[in-house]
Amino acid sequence: MSDRLKTVFCGIEFKNPVITASGTFGYGLEYAKHIDISKLGGISVKGISLRETLGNPMPRIMETTSGMLNAIGLQNVGVYKFINEKLPELRKHDTKIIVNFWGKTIDEYVEVARILDDADVDMLEMNISCPNIKEGGIAFGTDPKMTYEVTYNVKKALKNKPLMVKLSPNVTNIRVYAKACEQAGADAISAINTLLGMSVNIHTKKPHLYNVTGGLSGPAIKPVAIRMVHEAFRTVKIPIMGIGGIMDWRDVVEFGLVGASAVQVGTANFIDPEIPLKIIDDLDKYMIDNNISNFSELTGTVDLSR
Amino acid sequence: MSDRLKTVFCGIEFKNPVITASGTFGYGLEYAKHIDISKLGGISVKGISLRETLGNPMPRIMETTSGMLNAIGLQNVGVYKFINEKLPELRKHDTKIIVNFWGKTIDEYVEVARILDDADVDMLEMNISCPNIKEGGIAFGTDPKMTYEVTYNVKKALKNKPLMVKLSPNVTNIRVYAKACEQAGADAISAINTLLGMSVNIHTKKPHLYNVTGGLSGPAIKPVAIRMVHEAFRTVKIPIMGIGGIMDWRDVVEFGLVGASAVQVGTANFIDPEIPLKIIDDLDKYMIDNNISNFSELTGTVDLSR
Amino acid sequence: MKGKVVKNQQLNDKYFFLEIKSEEFVTQAHVGQFVMIKPGSQNYTHDPLLRRPLGIADVKDGKFSLVYMVVGKGTKLLSEFHENGMIEFSAPLGNRFTLLENKRVALVAGGIGIAPVYWLAKTLKNRGCVVDLYYGGRTVDDVVLLEELKENTDHLIVTTDDGSAGIKGYVTLPFKENVETYDMVYTCGPKPMLRTVSEICINADIPVEVSLDERMACGLGACLGCIIYVKEGDEIVQKRCCVEGPVFDGATIAWDKLI
Amino acid sequence: MKGKVVKNQQLNDKYFFLEIKSEEFVTQAHVGQFVMIKPGSQNYTHDPLLRRPLGIADVKDGKFSLVYMVVGKGTKLLSEFHENGMIEFSAPLGNRFTLLENKRVALVAGGIGIAPVYWLAKTLKNRGCVVDLYYGGRTVDDVVLLEELKENTDHLIVTTDDGSAGIKGYVTLPFKENVETYDMVYTCGPKPMLRTVSEICINADIPVEVSLDERMACGLGACLGCIIYVKEGDEIVQKRCCVEGPVFDGATIAWDKLI
Ligand SMILES: Cc1cc2nc3c(=O)[nH]c(=O)nc-3n(C[C@H](O)[C@H](O)[C@H](O)COP(=O)(O)OP(=O)(O)OC[C@H]3O[C@@H](n4cnc5c(N)ncnc54)[C@H](O)[C@@H]3O)c2cc1C
Ligand SMILES: Cc1cc2nc3c(=O)[nH]c(=O)nc-3n(C[C@H](O)[C@H](O)[C@H](O)COP(=O)(O)OP(=O)(O)OC[C@H]3O[C@@H](n4cnc5c(N)ncnc54)[C@H](O)[C@@H]3O)c2cc1C
Ligand SMILES: Cc1cc2nc3c(=O)[nH]c(=O)nc-3n(C[C@H](O)[C@H](O)[C@H](O)COP(=O)(O)O)c2cc1C
Ligand SMILES: Cc1cc2nc3c(=O)[nH]c(=O)nc-3n(C[C@H](O)[C@H](O)[C@H](O)COP(=O)(O)O)c2cc1C
Ligand code: FES
Ligand code: FES
């Protein structure tokens, strides 16, 4: 890996702009058996809450055309167990750790954030956009006032760590939400989370997911994600982490062009754990071939002239 | 084709519940050379406006993973030329004609609707959800008050023809829009139009579409469409025409289960003009095998018990 | 990982036997484990999107075998692989069966559940066990590889629901009659069958290992899409089928939460 | 429509020659028309989604031929078709070239633009024309089927940008020198070349037919995705490349709106 891949995002230096997306990479350790995770720019771990959460009943996943639906329901070990049991192991690998977290109330969001602020992690990613839990989650992400409110309060509580807010694509106008985050003091935004979808088993007549609806991810949603990152980039000045359907280096360049300063790879990790590493290598080649000395040179350089 | 496929929708009897979607089937006549269009339940023609419209500059289309983006810009011959030149030809084929229409102001919507109300067509489909024109279109479809307003005014102006309103998926909560249509007097709704998307050519750094963004259609979006029809069905009593990513009879059954009383096939027509006819045949077989005497028996029967 | 297709043989209308050459993989694999396999040769198309889990049905001479049933687009694409084509997979994944030596064991397989059982039978036989295989299917088309299975078992009892092969009726019936005679039971197949076999074993106080089959996205323990509910003392806890399984102690599975 | 792959031959690193058997189709096809072809054998996968337009490069003995260049996932998948595989397409589509008899004609082809020109050359030759083919490519790898073309033309002038085959330089140069000697010109290739050829012809007052290449979704005139701008008197009007084209009068094309 070359220096040219180094990416400064919210003042934090990532080895490269390729981070694995929350919920698709476990606590990182699951993948450490299969790939060298220290080669990653960073890892955004599975959404953490104050208390351990068991998630939704099964079935929780279903494939759709070039996508998948999930309604895991934010199952996680809780913030304390994460810090005590997962983090020390994870820290043995030389990569940045972003902790994705959520709560059911603003107070819960603030409490988890405070705890993480004092833990040995690099950055917080606040999930206000998970479509798969009834309370909290999506409600915060689909009402701009709530988005402002929760962001403002969490940011106020943080002393050490940058705060990135993860936006929901299930809104009429993502610009409003990006703006709300910026105004409330967020250091960055990440976009997008999953689109709300559903599928039904025509033989049993039951929804494929116990939760009825679930989050749609994968290459199917990439055009929506690209559009939203583009819109957000034209609206706010804080940096954007681009997410949604990334399968190869070309997708990363596309996200860069519309305004991403770094990216997250999600569903692709399921398809082949080697994908993020391959993307990093290929991106390096692309940058050499095109004489790009840093990924930031690409950010937002889409040519809108006609 | 059997009697069991007959579908009454807004009091109109369609041969079967399979209609070709607006913008994907021209004025019907283009396809008459390739398939027997009289076998279709109906045809929703390309969105018509008061005056001829030239649409957007090229490029207008781009393929995405299991989907496509389009920004045609509602090119059409205008309502008079449609009625005088296209309709008489189209009427030689024994199938129902739904006229998809749009305007830039409420007055324009009302005027086109009035003209069509007196023409030899079966039903009107009001497009308030096209993402590809700057004025009108999407603005009406992403603000519930505007949706109510335009629906109310158009409905008031109509004497003869049922009014179906086509909803945009680019909203936070489609239930609100479905409700607004119902309250304003719409006879039916159709859902969904395309999702707003974008893609960029990484070599030229230009957006693939001249219009920058475009409407995403095809199997990629089906899970979103299924979810929205499901939500709309649980919110309103007026019938729903399900649209979005239908490729085969299984998809039609899935839309039926979540609440569609009929469906529209869009992008699939591009892939193979035979698809809608094949769907009709296969649906007939499915209904025989499952002892279903009318498609309406399926409508909304998804099993939500756990 | 990549391997070369040595053979992709159609066994009957539904079933295929796929043999893949892959030296690096083979030495690490254990009986009961599975692979996540890419159901298309093309990295540039994304439908189907996810890899598909398939049990390892045999390992020998630097090759491994899979037995699969064509049920959807992934397995249909798999069936179109040509000889010498390269195929991608992650493997070996999951835990393994407990392998006894010189004991009397029963294997109970239903339909495509034969895949991991095939290798298990061979292995236990090689370890000096007396191996009885109870193998049930809906029709004659659901019981495959009978010749090979006969060679690797002491008794092969075949049943079909419609009597088109072997004894007519459920495979659990002949098994139940003899359950007391075994030191250990292994089973793989549809969940209702697995439950019945487990209950028979619990009643007879015979240990039983069950290979479970849940829809999987990652196969690596990351997505939490493949949860199995297991009793631990008074509690019911969650296990990931892909990592803590697919083999579970049949006496601990919380069947009511699974079926 | 369906046809059987008779041959899918790799010509060089990029180019393939695909021959498809399809009786019903062949009798209806005209020179200059194209097919929309499904770039995968599987109806149950939807990536790539749309059919791809390819010019008809030859028709004979109940078969038709395509020449294609692998540029993306659709053409890559096409290149993986095996002999005897069934392939789906809609055809024949679009308008056609005007076929003269017993005249002197020039064909100017650039790169993959050779596909429709191949059949055109043969046909015009059979109609008693004197056929000169100017055929340019970037490198030697972009000029294919030279033997066959030589047989079906009176003069074959090959150029490459790097001189790796034929004359070094643009194909429009040798063509321009002789333009006055022809009764009619036909051209297919990259848009800048088509424009130059058209301008040369306009200046020399020679009629020119241009086969244009626009991204297409339907190929049937329904989607309005393939608009070409054409001068009609003082007006610039829209034409659909797939129905009113792909062959246009080169003197009428509004190039500024296209390139
Ligand atoms: C650990 C494990 C081992 C397996 N071993 C084998 C094996 O050796 N041989 C074999 O043929 N199959 C095996 N399966 C099942 C196999 O993974 C599925 O049949 C396959 O993924 C279906 O893919 P598809 O694309 O053809 O079907 P899809 O189009 O995805 O689905 C078609 C039908 O199959 C059902 N289905 C899909 N995935 C699964 C699944 N994971 N479990 C059960 N039903 C499913 C769907 O509900 C649907 O009805 C195993 C599954 C697991 C989890
Ligand atoms: C009427 C007509 C006739 C044609 N005849 C031939 C022919 O005989 N032989 C042949 O090899 N090609 C021909 N083409 C071009 C051919 O259709 C494209 O190369 C093909 O669709 C690319 O598909 P893909 O999936 O491989 O590439 P994609 O993955 O879709 O795209 C790869 C690259 O090819 C470019 N591309 C895609 N579609 C087109 C297009 N329609 N025109 C130009 N560039 C495109 C893209 O911009 C991109 O850079 C013809 C096109 C038309 C409209
Ligand atoms: C199984 C699964 C679980 C997920 N869990 C989380 C989560 O806990 N927190 C979160 O913010 N996003 C979660 N996501 C969303 C992803 O991080 C990502 O935003 C989304 O999948 C789109 O990216 P992709 O198309 O690359 O997968 C999850 C996605 C999947 C598929
Ligand atoms: C090229 C194209 C043009 C379209 N034009 C219109 C239109 O004029 N009016 C309209 O209401 N919808 C239009 N649509 C949307 C379709 O009618 C349909 O709602 C959408 O494509 C989703 O269905 P599908 O996935 O089956 O294509 C268009 C879609 C496409 C792809
Ligand atoms: S399949 Fe992902 S955790 Fe088991
Ligand atoms: S490709 Fe659809 S109109 Fe020409």
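Each chain gets a letter, A, B and so on, in the order its sequence line appears, and its residues count up from 1.
- The structure places CD1 of I61(B) at 10.0 Å from CD1 of I227(D), a figure rounded to the nearest 0.5 Å.
- Proximity to chain D (any heavy atom under 4.5 Å) is shown, for L29(B), by neither the backbone nor the side chain.
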Between chain B and chain D, which N and O donor-acceptor pairs fall under 3.5 Å? A table would be great.
unit_1, atom_1, unit_2, atom_2, d
L54(B), O, Q238(D), NE2, 3.0
R60(B), NH1, L224(D), O, 2.8
E63(B), OE1, L50(D), N, 3.1
E63(B), OE1, R52(D), NH1, 2.7
E63(B), OE2, L49(D), N, 2.9
E63(B), OE2, R52(D), NH2, 3.4
S66(B), OG, H46(D), O, 3.2
Q75(B), NE2, Q238(D), OE1, 2.7
I271(B), O, R51(D), NE, 2.3
I271(B), O, R51(D), NH2, 3.4
D272(B), OD2, R51(D), NH2, 3.2

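- If you tally non-hydrogen atom pairs under 4.5 Å between each of A220(B), G26(B), G23(B) and chain D, the highest count goes to G26(B).
- The part of M216(D) that comes within reach of chain B is its backbone (N, CA, C, O), which places non-hydrogen atoms under 4.5 angstrom from that chain.
- Considering CD1 of I35(B) and CG of L220(D), their distance stands at 9.5 Å, rounded to 0.5 Å.
- How far CE of M247(B) is from CG of L49(D): 5.5 Å, rounded to the nearest 0.5 Å.
- Heavy-atom distances place no part of I37(D) under 4.5 Å from chain B, backbone and side chain included.
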